[in-house]
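Structure first, commentary second.
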Amino acid sequence: MMKGPKPLKQLQVAVPAQETPVDKFLTASGTFTDGDLRLNQKGMRLISEATESRQPDVKEEDMQFSLEDLETIKVIGKGSGGVVQLARHKWLGTLYALKGIQMNIQEAVRKQIVQELKINQASQCPHVVVCYHSFYHNGIIYLVLEYMDRGSLADIIKQVKTILEPYLAIVCKQVLKGLVYLHHERHVIHRDIKPSNLLVNHSGEIKITDFGVSAVLANSMGQRDTFVGTYNYMSPERISGSSYDYKSDIWSLGLVILECAIGRFPYIPSEQEEGCLSFYELLEAIVDQPPPSAPSDQFSPEFCSFISACLQKDPQERMSSLELLSHPFIKKFEDKDIGLAILVSSLDPPVNIPGDV
Ligand code: ATP
Ligand code: MG
C-alpha cells in the first residue's frame with residue numbers, strides 16, 4: 001500500500017483521451033450548438049424545430065437577460081472547476097452567483113453537458129439551486145445561479161464545528177427533498193454531495209448545487225474519466241470502480257451529516273490532522289473497513305439509525321431518498337418549531353456586500 005501526505009484534493013486519476021476541438025460545435029459568432037440547444041453570450045435557448053419554423057428570425061437581442069447586464073462585485077469562492085463571483089444585475093439590482101467554468105469539451109461528455117443544461121433550465125425544486133441562465137463567452141461557460149447568501153454547509157461547520165441533532169434533522173429533510181427530486185423526478189445522480197455543495201440562505205433554506213452541468217464540465221476539463229474534486233464522500237462501490245446508482249448520493253449524505261454531528265471527517269481519527277489521509281488510505285478505509293457510525297452514547301437512537309441507514313456499504317441495503325424522508329429521525333423534529341434561520345443568523349455571513357448596512 002502506498003502512503004504519503006498528498007492532499008486528496010490534488011489527486012487526479014487520468015485516462016488519456018482524444019480531444020475533440022471545441023470549435024466543432026461553435027459557430028463563427030461564438031455560439032455553442034448541439035441539436036436544439038444554442039448557447040452563446042446572449043444566453044441559452046432551446047429551439048425546437050416547430051419553434052424555428054414558426055419564427056425563423058428569433059432575435060437573440062429579444063432575450064431579456066445578457067451577460068453584459070451583470071456587474072461582478074467580488075469573488076465568493078473558487079473550486080476546482082472555476083470561480084464563483086457575486087454579481088448584481090445593473091438595472092434590477094438582483095444578486096446572483098456567477099459561476100464561470102472553462103470549457104474544454106470532449107466528445108464523450110458533450111451529449112451529457114447538453115442534457116444537463118436542459119435539466120438545469122427546467123429545474124423546479126425549492127431544494128435545488130436555481131440556474132437562471134447560462135452563457136458562453138470567450139471559452140467560458142457562465143452559469144447565473146441563485147445567490148445563497150449564507151454560503152455552504154462547509155462555511156457553517158468551519159464556524160460552529162458541530163451542528164445539533166434538531167438542526168441536522170432539518171438539513172437532512174431539505175437535502176432529501178432535493179435528492180428525491182433529482183433521483184425520482186429527474187432521474188439523475190448528483191455524484192458530488194459534499195458540504196460545499198449544500199448551500200444555505202438567510203431564510204434557513206438548504207439547497208443542493210453543482211449537479212449536472214457544472215460537475216460534468218469540471219470533470220471534462222482535463223481528460224476523460226478525470227475526477228476533479230474530493231474523493232472523501234465517495235461511496236465504496238464508486239471509489240472502487242464498480243457500477244453505482246442513486247444510492248451513491250445517500251452514502252455521501254450520511255457521511256456529510258455524520259461529519260456535521262461529530263465535528264470532523266469521519267474517516268480521520270480525532271487525533272490526526274485534517275486532510276492527511278492519502279487516496280490509498282481513504283480507499284482502503286472506505287472499501288475494507290466497517291462503515292463509520294454515530295457514537296450511541298452521544299447521539300439519539302434515531303440519529304444513529306439514520307446514519308446507519310445511509311452508511312450501508314452494500315447499496316442494496318442502503319435506504320433511498322424517499323424512504324429516508326419518513327425515517328424516525330426526520331419525523332422526530334417535524335412538529336417542533338425549529339428553523340435553520342436561527343442558526344444561520346447567529347453566524348458571520350461568508351460575504352459582506354459593499355454598500356450593505
Ligand atoms: P469543488 O470545485 O472542488 O467541487 P467547491 O464546491 O467549493 O469545490 P465551487 O462549486 O466552484 O467549488 O464553489 C466555490 C464556492 O463558492 C463554494 O464553496 C460556495 O461557498 C460558493 N458558491 C457556489 N455557488 C454559490 C451560490 N449559488 N451562492 C453562494 N455561494 C456559492
Ligand atoms: Mg461546488
Side-chain angles (χ1 to χ4, degrees), residues 7-13 70 72-89 94-104 116 120 123 125-135 140-159 174-175 178 182 189-222 226-234 238 249 252-253 255-256 259-260 265 275 279 282 340 344 347-353 356:
L8 296 170
K9 278 238 163 200
Q10 287 172 16
L11 194 117
Q12 295 187 3
V13 180
L70 289 179
T72 53
I73 298 171
K74 57 159 73 178
V75 171
I76 306 174
K78 283 185 185 147
S80 43
V83 177
V84 181
Q85 295 188 81
L86 176 64
R88 186 188 278 129
H89 193 281
T94 330
L95 293 174
Y96 296 99
L98 182 67
K99 183 164 184 168
I101 308 157
Q102 190 78 38
M103 187 160 127
N104 177 13
E116 303 295 0
N120 244 343
S123 269
C125 171
H127 300 291
V128 167
V129 170
V130 181
C131 177
Y132 294 104
H133 300 275
S134 34
F135 299 96
I140 298 173
I141 282 194
Y142 291 96
L143 304 178
V144 181
L145 303 167
E146 173 181 12
Y147 173 52
M148 298 294 285
D149 58 1
R150 289 292 167 159
S152 72
L153 204 55
D155 297 318
I156 292 186
I157 49 179
K158 254 183 238 149
Q159 280 195 55
Q174 299 193 39
V175 176
L182 293 180
I189 311 169
H190 185 289
R191 295 187 174 85
D192 203 13
I193 296 287
K194 58 182 176 182
S196 70
N197 284 341
L198 301 176
L199 303 181
V200 189
N201 66 18
H202 64 275
S203 320
E205 291 171 316
I206 296 251
K207 305 193 184 199
I208 304 175
T209 191
D210 274 1
F211 68 98
V213 68
S214 44
V216 172
L217 284 171
N219 290 350
S220 67
M221 292 209 330
T226 298
F227 176 79
V228 184
T230 176
Y231 290 84
N232 282 11
Y233 304 93
M234 263 194 198
R238 185 159 176 225
D249 288 340
S252 312
L253 173 66
L255 220 46
V256 168
E259 175 172 343
C260 293
F265 179 61
F279 172 73
L282 182 70
L340 275 185
V344 295
L347 304 174
D348 298 332
V351 176
N352 287 311
I353 301 167
D356 260 24

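FYI, the numbering just counts along the sequence from 1. Keep in mind that the numbers below use all heavy atoms, side chains included, and drop hydrogens, waters and symmetry copies. Whatever order the structure lists ligands and atoms in, that order sets their numbers, starting from 1.
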Mode of Glu146 contact toward ligand 1 - side chain, backbone, both, neither (heavy atoms, under 4.0 Å):
backbone
So for Leu199 against ligand 1, with non-hydrogen atoms under 4.0 Å, the contacting part is side chain
Look only at the side chain of Asp249 and the backbone of Arg191, and say whether a donor-acceptor pair between them is shorter than 3.5 Å.
yes
Correct closest heavy-atom pair for Gly178 and Cys125 would be CA-SG, 4.2 Å
State whether the shortest distance between N or O atoms of Tyr147 and N or O atoms of ligand 1 falls below 3.5 angstrom.
no
For the backbone of Asp192 and the side chain of Asn197, can you confirm whether one donor and one acceptor N or O come within less than 3.5 Å of each other?
yes
How does Thr209 reach ligand 1, by side chain, by backbone, by both or by neither, if only non-hydrogen atoms under 4.0 Å count?
neither
Asp155: heavy atom below 4.0 Å from ligand 1, yes or no?
yes
With sequence neighbours excluded, what pairs up with Gln85 under the side-chain hydrogen bond (donor to acceptor under 3.5 Å, both in side chains) test?
none
Just to be careful: counting only protein atoms that are N, O or S, how many fall under 2.8 Å of the Mg ion (ligand 2)?
2
Where's the contact between Asp149 and ligand 1, heavy-atom distance under 4.0 Å: side chain, backbone, both or neither?
neither
Nearest option to atom 10 (O) of ligand 1, as decided by whichever heavy atom of Lys194, Lys207, Lys99 sits closest:
Lys99
